[in-house]
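For this chain, numbers begin at 1 and follow the sequence in order.
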Amino acid sequence: MYVDPNFKTKKALKEAVAAGQQVRLFAPGLGEPKENGTNYVEGPHFPAAHSWYAEVQCKDGVVVKVK
């Protein structure tokens, strides 16, 4: 499962969520992410090698917290 936009680091994801940027999830070919609750994401997107993983909390399809 991935985040949109494509963040190069977990730190950049955390900063964007803290700043109030709207970050959404997607799972290409793997089903649908939960609209509310805990999801697990990785990045950056293919074809780059995944270099970070995160547990995120979502509300109404938007990431509200990065653990």
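Pro44 approaches Ala48 most closely through the heavy-atom pair CG-CB, 3.8 Å. Shown here for Lys59 and Val64, the closest heavy-atom pair between the two residues is CB-CG1, 4.0 Å.
One distance of note links SG of Cys58 with CG of Asn36; it measures 8.0 Å at 0.5 Å rounding. Note that NZ of Lys10 is 13.0 Å distant from CD of Glu15, once rounded to the nearest 0.5 Å.
Lys67 places a side-chain heavy atom less than 4.5 Å from the side chain of Gln57. When side chains are defined from C-beta on, Pro28 counts as touching Tyr2, because their heavy atoms get closer than 4.5 Å. Annotation: side chain of Val3 is not in contact with side chain of Arg24 (no heavy-atom distance under 4.5 Å). With contacts defined as side-chain heavy-atom distances shorter than 4.5 Å, the pair Asp4/Leu25 does not qualify. Using a 4.5 Å cut-off on side-chain heavy atoms (C-beta onward), Ser51 and Lys8 make no contact. Within the 4.5 Å cutoff, the side chain of Thr38 has no heavy atoms near those of the Val56 side chain.
Val41 and Phe7 fall within the same hydrophobic cluster, where Ile, Leu, Val, Met, Phe, Trp and Tyr residues are linked whenever their side-chain heavy atoms come under 4.5 Å apart, directly or through other members. Cluster membership check: Val66 shares its hydrophobic cluster with Met1, using side-chain heavy-atom separations under 4.5 Å among Ile, Leu, Val, Met, Phe, Trp and Tyr.
Under the 30°/60° scheme for interplanar angles, the aromatic rings of Phe26 and His45 are found to stand perpendicular.
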_Stepwise side chain to side chain contact (heavy atoms under 4.5 Å, CB included) check, Val23 with Leu13_ = CA-CA 8 Å; Val23 177; Leu13 169 62; 4.0 Å; yes
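Within a 6.0 Å radius of OH in Tyr53, other residues, nucleotides and ligands contribute more than 12 heavy atoms.
A side-chain donor-acceptor contact under 3.5 Å links Glu35 to the backbone of Gly61. Distance alone, capped at 3.5 Å, places no donor-acceptor pair between the Trp52 side chain and the Lys11 backbone.
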